[in-house]
Protein chains: 2
Amino acid sequence: MRRQSGATQRKIEPIRRPARPSDRIEPTRVDKFSARRIELAEAALETLAELGYARTSLREIAQKSEFTHGVLHYYFSDKVDLICCCVRHYKAKCVTRYDQITLAAQSRDELLKGFLEKLGETVRDDARMHRLWYDLRSQSLFEDAFRNDVAEIDKSLEDMVWRVASRFASLGGREPAVSRGALYALFDGLFQRCLLRHLSGDRNAIADLQDEVKRLLPTVA
Amino acid sequence: MRRQSGATQRKIEPIRRPARPSDRIEPTRVDKFSARRIELAEAALETLAELGYARTSLREIAQKSEFTHGVLHYYFSDKVDLICCCVRHYKAKCVTRYDQITLAAQSRDELLKGFLEKLGETVRDDARMHRLWYDLRSQSLFEDAFRNDVAEIDKSLEDMVWRVASRFASLGGREPAVSRGALYALFDGLFQRCLLRHLSGDRNAIADLQDEVKRLLPTVA
DNA sequence: AGGATGTCTTGACGATCGTCCAAAAACTAT
DNA sequence: ATAGTTTTTGGACGATCGTCAAGACATCCT
């Protein structure tokens with residue numbers, strides 16, 4: 001049995017990358033490995049965003065990448081491992097979306113304007129990826145393998161909304177009038193609704209969301 | 001070809017029941033047919049609520065019913081037709097959940113108390129069915145065959161929330177302070193979050209939701 | 001009773017799924 | 001160039017999917 005190679009040993013450990021025994025000897029090796037993992041995860045995200053979790057197969061994912069389907073089991077222990085990696089990778093790209101605007105804004109009006117603009121842009125350009133988020137979050141209601149990662153992202157998104165709102169409040173010398181949870185629930189609900197309308201072809205969806213937020217934000221922060 | 005039977009003709013028309021050529025001749029026939037459709041749809045809902053859309057197969061649905069898998073194609077043209085029937089049937093059972101309380105309550109406190117109680121009961125007892133709703137709503141972001149029915153249910157739920165809130169407001173001689181859409185978004189977001197926590201085993205999820213609603217409702221209505 | 005019609009079972013079909021493995025290819029180090 | 005390791009390929013596997021059709025069973029009419 002010669003399949004006991006180094007890569008196979010790595011593959012056995014799907015959850016967390018094992019602590020490198022010595023950082024100095026082979027930094028490129030493990031980096032290369034996890035770099036390809038991320039590369040494949042991104043291809044997977046693309047496919048998931050297009051087809052949804054229920055209709056996405058490993059072969060379809062591989063077809064969207066520049067590899068064949070066999071390689072997925074070289075880098076991931078199974079499908080759940082792959083999807084989890086996707087979810088974690090997705091997170092990093094999303095949660096800082098409004099930070100630049102939040103930090104740069106010098107007035108309530110400026111922050112509101114920038115936020116609304118980015119909000120609309122987000123729905124317009126990344127609708128497919130966002131529907132995937134809602135899909136995966138729903139999956140986590142059934143598959144507990146996703147729950148931790150999903151809950152973590154949800155928390156990050158809550159923080160993201162809170163940063164915007166509390167900054168908006170402080171620019172008016174105030175503090176937010178509702179809890180973090182309620183604030184996130186409100187914006188998430190509005191966003192989700194807008195997304196559904198937008199994907200259904202409703203051309204007023206984005207503008208309506210912006211109007212709603214414009215009206216709401218000053219009352220809660 | 002003798003497969004041109006009456007039932008087969010019915011099966012061809014999956015979307016809407018064809019107008020009966022004469023209401024008097026065979027009222028029991030079509031009722032029986034659609035009664036079984038509903039019976040099967042309910043078995044399907046049970047399976048969907050347990051496994052989620054992605055993992056539910058027709059054979060599994062049939063196994064949960066008292067029939068075999070073949071019968072599903074006798075009553076439904078295909079899987080999408082079945083799921084759509086499920087979604088529509090699900091709707092009817094949900095949207096009147098708080099109406100009795102809303103109508104019976106004679107004071108803000110009484111309404112609040114009854115609403116909170118029913119809310120907790122809903123999460124506690126029907127968590128599986130509710131996660132299915134979020135699952136199917138997410139599916140509608142990908143599969144446009146579900147969009148109309150999902151949007152319709154969403155609207156009904158919005159109305160349901162609005163009835164509670166506006167009744168609560170009027171009992172205080174006021175009117176709701178926010179729009180229907182925002183109100184629904186808020187409650188739906190809170191509910192969804194509570195559901196995820198509850199299914200993850202968080203024993204404070206329901207109480208936290210109730211606290212949040214208790215704090216929030218008087219500020220919005 | 002017997003034939004027609006409606007309902008249900010059963011088994012089969014092609015397709016596709018996740019997974020696995022042996023071998024080819026690419027890469028490294030000597 | 002050679003040997004050893006890592007990476008990738010592509011086909012095979014068993015299972016399961018949605019769909020379909022032939023026939024068995026049930027029900028009803030005259």
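Just so it is clear: chains get the letters A, B, ... in the order the sequence lines come, proteins before strands, and each one is counted from 1.
Separating the CZ atom of B/Arg37 from the P atom of C/dT7 is a distance of 13 Å, rounded to the nearest angstrom. B/Phe67 places its CZ atom 21 Å from the P atom of D/dA24, with the value rounded to the nearest Å. A/His73 places its NE2 atom 16 Å from the C1' atom of D/dT7, with the value rounded to the nearest Å. Between A/Leu51 atom CG and C/dT16 atom C1' the separation is 14 Å, expressed in whole Å. For B/Asp78 and D/dC20, the CG to C1' distance is 13 Å, given to the nearest whole Å. We find that CG of B/Leu82 is positioned 15 Å from C1' of D/dC17, with the value rounded to whole Å. Taking atom CG of B/Asp81 as the reference point, atom P of D/dC20 lies 12 Å away to the nearest angstrom. Distance, B/Tyr75 OH to D/dT19 C1': 18 Å, rounded to whole Å.
The B/Arg59 side chain lies nearest to D/dC17 when the options are D/dC17, C/dG18, C/dT7. Of the candidate nucleotides D/dT6, D/dA12, D/dT19, D/dA12 has the atom nearest to the side chain of A/His69.
Using cut-offs of 30° and 60° for the angle between ring planes, the A/Tyr75 and A/Phe33 rings count as tilted. Relative orientation of the A/Tyr134 and A/Phe191 rings is tilted, given thresholds of 30° and 60° on the angle between their planes.
Comment: A/Asp81 engages A/Arg37 in a salt bridge, judged by a side-chain N to carboxylate O separation of less than 4.0 angstrom. Taking 4.0 Å as the cut-off between side-chain N and carboxylate O, B/Arg124 and B/Glu121 do not count as a salt-bridged pair. Looking at A/Arg137 and A/Asp188, a side-chain N of the basic residue comes within less than 4.0 Å of a carboxylate O on the acidic one, giving a salt bridge.
Distances shorter than 4.0 Å separate some side-chain N or O of B/Ser57 from OP1 or OP2 on D/dC17.
Comparing B/Thr56 and A/Thr68, the nucleotide of DNA chain D nearest to each residue sits closer to the 5' end for A/Thr68. Where A/Gly70 and A/Glu60 each meet DNA chain C at their nearest nucleotide, the meeting point lying more 5' is that of A/Glu60. The residue among A/Glu66 and B/Lys79 whose nearest nucleotide of DNA chain D is located toward the 5' end is A/Glu66.
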